[in-house]
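The chains referred to below are lettered A, B, ... by the order of the sequence lines, with proteins before strands, and numbering in each begins at 1.
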Amino acid sequence: MTALLLDDVRYAYPDGHQALHGVSLHIEPGERVALLGPNGAGKTTLVLHLNGILPVSGLTGSSGTVSVGDRTVDPKDRPGLAEIRRRVGLVFQDPDDQLFLPTVAEDVAFGPANLGLRGAELTRRVDEALAAVGMSDVKERAPHHLSLGQRRRVAVATVLAMRPDLLVMDEPSSNLDPQARRELAEIVLGLDVTLLMVTHDLPYAMQLCPRSVILDEGRIVADGPTRELLSDAELLARHRLELPYGFAVPATT
Amino acid sequence: MTALLLDDVRYAYPDGHQALHGVSLHIEPGERVALLGPNGAGKTTLVLHLNGILPVSGLTGSSGTVSVGDRTVDPKDRPGLAEIRRRVGLVFQDPDDQLFLPTVAEDVAFGPANLGLRGAELTRRVDEALAAVGMSDVKERAPHHLSLGQRRRVAVATVLAMRPDLLVMDEPSSNLDPQARRELAEIVLGLDVTLLMVTHDLPYAMQLCPRSVILDEGRIVADGPTRELLSDAELLARHRLELPYGFAVPATT
Amino acid sequence: MHISNGIIGGPISLAYGVVAVALLALCLGRARQDLNDRLAPMAGLVAAFIFAVQMLNFPVLPGVSGHLLGGALAAALVGPWVGALCVSVVLIVQALVFADGGISALGLNISNMALLGTAVGYLVLVGLMKLLPRTAAGVGLAVFLASIVSVVLASQGFVLQFVLGGEVPLTIGYGQISATMAGVHALIGIGEGLIAAVTVTTVAKVRPDLVYALRGARLAQPATGGLPTRVFVLGGLAVAALLAGGASYLASGSPDGLDATTLTGCTVDADGVITGGSCIAQRAQDHELGGSFLADYGIKGVDDATGLAGLIGVALTFAVGLAIFWAVRRRRNAAAESAAGEQLPAAGTPAAVSAEK
Amino acid sequence: MGAGHTHPMYVHGHSPVHHLAPEVKIAASVLFTVVVVATPRELLPAFGAYAVIVAVLAVLARVPAGWLARRSLIELPFVATAVLLPFFAAGPRTDVLGLSVAVEGLWAGWNILVKGTLGVLIALLLAGTTPARDVLIGLDRLRTPQAITQIALFMLRYLDVLADEARRMRIARLSRLDDPRFLWQVRGFAAGLGTLFLRAFERGERVFLAMRSRGYTGRLPAALQEHTRATARQWAVGAAVPVLAVVVLLTDRFLV
Ligand SMILES: Nc1ncnc2c1ncn2[C@@H]1O[C@H](COP(=O)(O)OP(=O)(O)OP(=O)(O)O)[C@@H](O)[C@H]1O
Ligand SMILES: Nc1ncnc2c1ncn2[C@@H]1O[C@H](COP(=O)(O)OP(=O)(O)OP(=O)(O)O)[C@@H](O)[C@H]1O
Ligand SMILES: [Mg+2]
Ligand SMILES: [Mg+2]
């Protein structure tokens with residue numbers, strides 16, 4: 001069984017910039033994996049492949065296959081794509097990419113309602129998800145009138161409300177206040193999902209993900225237990241990573 | 001002498017939401033101050049007051065005065081406002097709000113060109129600023145075709161290129177890779193400016209700013225040496241702040 | 001309704017050019033007071049919005065294409081003076097950067113669409129706002145009707161120009177041309193009115209400070225829950241049906257039948273992109289949008305769908321159907337609300353979608 | 001955001017026409033169009049000469065003929081209707097290919113066709129060799145009131161913002177399982193339209209404020225566009241086009 005399988009994925013943006021140079025990755029169900037790497041490595045590009053948003057069909061420089069569970073992403077296979085999008089919950093790096101309806105409550109309800117939920121059950125889902133990220137009190141406000149951190153939390157809620165099998169988060173902790181960041185970690189640790197999380201926060205990766213993958217210049221350059229990778233200062237330095245000021249790898253996880 | 005003086009600043013957004021409830025703050029020239037606080041505290045709102053962007057004139061719920069050096073922000077005083085904007089360099093929380101010209105080089109040149117620079121001097125300014133953030137090689141690319149971290153670095157460069165007296169940065173380190181984050185710290189430490197930095201990264205605040213201010217629900221709730229504030233776990237907890245996993249306040253700065 | 005070079009004779013074009021310049025100078029003078037820090041970007045957005053909706057063109061009469069005009073929308077959001085400037089800017093940029101509308105006909109086009117359209121739209125709007133309640137529904141209805149009147153009158157502005165400088169005697173009478181133009185543009189006006197009403201009411205609810213016609217005042221809450229909304233929808237529908245009926249009767253003899261404005265015959269793929277068949281939206285994409293700003297920019301780099309351009313195309317061509325659909329859904333929502341005793345999410349929420357699947 | 005970065009009408013290139021200052025090109029195009037429109041429709045040789053001028057310019061600009069042909073399809077409605085005019089015009093009739101058409105209508109159709117086509121071609125040459133932002137810079141240097149150029153500048157930027165926000169909203173819907181069959185999309189569109197407008201406005205407003213905070217005063221700093229300012233020589237070269245057209249018009253008028 002695999003939760004996610006990428007085979008030699010290559011991608012070039014329409015302006016010709018080659019962002020992925022052949023990425024292969026295999027994630028088991030229930031694994032929690034951190035995706036690390038410098039700015040511009042291609043992490044976001046990779047993540048956008050996971051539910052068929054990229055690639056744009058018919059572009060040169062793009063190839064490879066992406067499978068989620070037993071299904072392969074294929075832009076032409078409409079029911080297949082819907083099924084994949086049902087399974088994969090994607091939290092975008094920019095919350096403005098995620099929120100689009102006039103109120104927060106409607107926005108969080110959008111996904112579950114598309115799954116067929118309605119009435120009291122729908123309301124319960126929405127309330128639960130908003131409570132989990134501590135945003136119950138902004139329910140009736142407009143998402144684009146929230147602070148960036150509030151928007152990010154709502155963005156996480158929109159995906160949590162769909163209860164995906166594979167949760168993919170692109171820098172979920174940036175712009176969050178420290179307590180929200182810890183609460184998010186607790187939520188994620190409490191969920192029974194497969195997790196792929198992009199982050200620049202190495203201690204956060206260590207806390208949440210037993211396994212890490214380092215991506216640089218569109219290629220995977222390391223894959224292994226997080227603790228091991230983060231102890232290899234030389235490897236980290238080669239890929240513009242380093243443990244932050246004042247941080248020491250704790251003796252126990 | 002003061003670099004920045006806020007006196008009882010109140011602000012309500014056009015949709016009626018009151019974001020600031022009377023903020024007073026005084027910063028000396030050369031000070032480096034961190035502005036901490038939970039999501040939605042009003043940090044961004046406060047920062048936008050510092051060069052006359054807010055308030056919208058004529059809205060109810062907004063009052064108070066903001067002075068930069070010897071000048072008071074007054075939307076009606078055009079030359080005064082221009083002078084203040086020359087002195088204050090503002091890095092926005094969202095780089096998409098900052099970058100708008102077709103190429104990175106032009107965008108970085110925009111501010112200095114408005115200051116009257118041209119020709120070789122302008123080019124030199126641009127090159128220096130881009131080199132400082134490690135983005136020299138994306139000079140001719142379109143800002144909206146960069147990764148989020150790359151865009152944030154360029155956004156910082158646009159402001160550095162103006163050589164402001166008062167540097168105001170709204171979460172400059174989010175979405176930066178660890179090494180870029182450290183490099184930014186080094187740049188800032190090497191500059192001879194007054195600094196006000198919004199951040200959720202308490203170790204980063206400790207590293208850069210001897211003084212910290214905590215804002216919560218539109219009011220200043222604490223102001224003092226960063227080391228002292230961060231050692232007061234109870235104070236931090238009351239305002240949704242906490243030191244991250246694995247971090248211990250280092251013995252020496 | 002862009003007139004190209006050579007349709008109207010030189011002297012008349014010149015005369016209109018002089019009038020347009022004089023009136024624009026007046027607008028500039030008056031706008032200077034209005035065009036503050038806030039209004040400048042708003043004016044840009046209004047212009048961009050109008051630019052986008054004007055991209056759907058279809059021929060109406062010899063040398064004349066029909067499309068949304070946007071004068072009333074501009075007047076409602078940024079006022080008559082800045083509004084006229086916005087529409088003029090759209091026309092100037094279209095002529096110089098998109099080769100749409102003759103350069104020598106700029107005076108004619110600005111007179112019809114920017115000056116006449118905006119002025120009429122604003123006057124009707126101000127009049128109606130005095131009569132109607134200052135609620136979202138009231139403002140919406142006012143904008144809706146002002147749009148229709150403004151578009152129809154702007155089309156008559158063209159007819160006048162044609163009478164004055166058409167340079168060719170026709171077998172069909174000017175009265176017939178006038179009626180055809182009015183009919184087609186009444187239909188266009190309904191689509192435009194719906195778009196303008198939705199836009200203005202949304203903005204008015206959240207950012208009343210951005211709606212010039214409200215002059216910064218917040219909307220009043222409807223006195224009795226829901227009734228004004230129903231009045232708005234039914235009133236709008238009645239007007240729409242009336243105009244649509246009348247217009248299609250009048251327009252049936254026009255060179256380009258109204259059947260072209262439907263999407264019948266198009267196949268549509270997963271993401272709402274027209275993939276085959278033949279219909280106006282697709283033609284418009286091929287001929288007009290195919291090379292246009294939005295078509296190129298729409299979803300570049302993410303998907304080959306048509307993005308905003310497609311959305312707007314769809315909305316315009318379905319404008320009339322939308323009005324009916326809208327009313328039905330409103331009523332259904334209201335019914336569901338009273339039945340379940342709970343608030344269903346408002347317009348655009350998926351609850352209604354799944355309920356109808 | 002890419003304010004007026006380029007536009008799909010722009011043909012990238014480094015021809016002499018591309019390098020001509022925008023204000024020169026605008027002035028030349030406008031004057032040329034005016035001369036064309038002022039030419040009596042009976043002066044057939046003059047129109048031939050104009051076509052030659054346009055063709056020479058196209059060659060100089062290295063704009064492909066195919067591109068010009070494709071883009072000039074924008075004129076199609078007018079062509080179609082110009083063809084119809086001969087059938088609807090009143091007055092004396094004549095037979096063409098066995099069809100009875102009005103003489104006046106034929107002339108009128110020809111008039112629309114030739115003036116419209118020449119106008120579109122010259123406008124396309126301007127658009128194809130001048131990025132949108134440069135057109136605005138040119139207008140600015142031609143003393144267009146600042147209110148107009150400023151609105152135009154914002155308009156170009158907002159077109160990007162609108163497209164960008166629409167794209168974001170669409171991806172957001174798709175990735176959360178929206179099933180955008182046609183009707184749903186229309187319905188979502190109605191609800192989304194106002195939101196799109198607001199979102200675009202608020203983003204644009206923030207960008208505007210960021211520009212302000214970097215010293216923006218209502219026009220782009222001259223230092224960014226110094227290289228495109230017209231020299232006296234460029235003005236002379238640009239003036240050649242309308243002057244040539246006037247010469248053609250006058251010789252035709254009095255000699256033919
Ligand atoms: N829309 C785009 N068009 C062209 N190139 C792009 C686009 N988006 C990203 N790129 C380029 O592709 C590369 C990978 O970008 P990506 O966004 O995947 O990086 P990332 O690893 O997510 O970086 P970050 O940590 O800064 O978010 C970068 O070099 C970037 O400049
Ligand atoms: N454009 C807006 N319209 C209305 N309310 C707003 C707007 N922007 C922010 N707010 C509200 O004002 C308050 C303060 O927002 P602000 O953006 O200043 O928070 P912040 O401290 O910067 O938070 P974060 O750490 O998440 O960035 C929040 O409650 C927010 O919801
Ligand atoms: Mg990224
Ligand atoms: Mg903030």
Honestly, the part of L36(A) sitting under 4.5 Å from a heavy atom of chain B is neither

Counting heavy-atom pairs under 4.5 angstrom with chain A, the leader among S147(B), G149(B), G134(B), P178(B) is P178(B)

One option among L176(B), V198(B), L236(B) has the most heavy-atom pairs under 4.5 Å with chain A, and it is L176(B)

From the list Q179(A), R153(A), M135(A), R152(A), side chain to side chain contact (heavy atoms under 4.5 Å, CB included) with N39(B) holds only for R153(A)

Okay, A237(A) and chain B: the region with an atom under 4.5 Å from a heavy atom over there is backbone

One should read off an interatomic distance between Q93(B) CD and L148(A) CG, to the nearest 0.5 angstrom, of 4.5 Å

Given E242(A), R182(A), R141(A), the one with more heavy-atom pairs under 4.5 angstrom with chain B than any other is E242(A)

If you tally heavy-atom pairs under 4.5 Å between each of H239(A), E183(A), K43(A) and chain B, the highest tally belongs to E183(A)

- Message: If you count every heavy atom of other residues, nucleotides or ligands that lies below 6.0 Å from E217(A) atom CD, does the total exceed 12?
- Response: no

Under 4.5 Å to a heavy atom of chain B? For Q150(A) that would be both

Whatever's closer than 4.5 Å to a heavy atom in chain B on D96(A) counts as side chain

Bottom line for N175(A): the part with an atom under 4.5 Å from chain B's heavy atoms is both

*Using only heavy-atom distances, determine whether the side chains of H200(A) and R181(B) contain a donor-acceptor pair under 3.5 Å.*
no

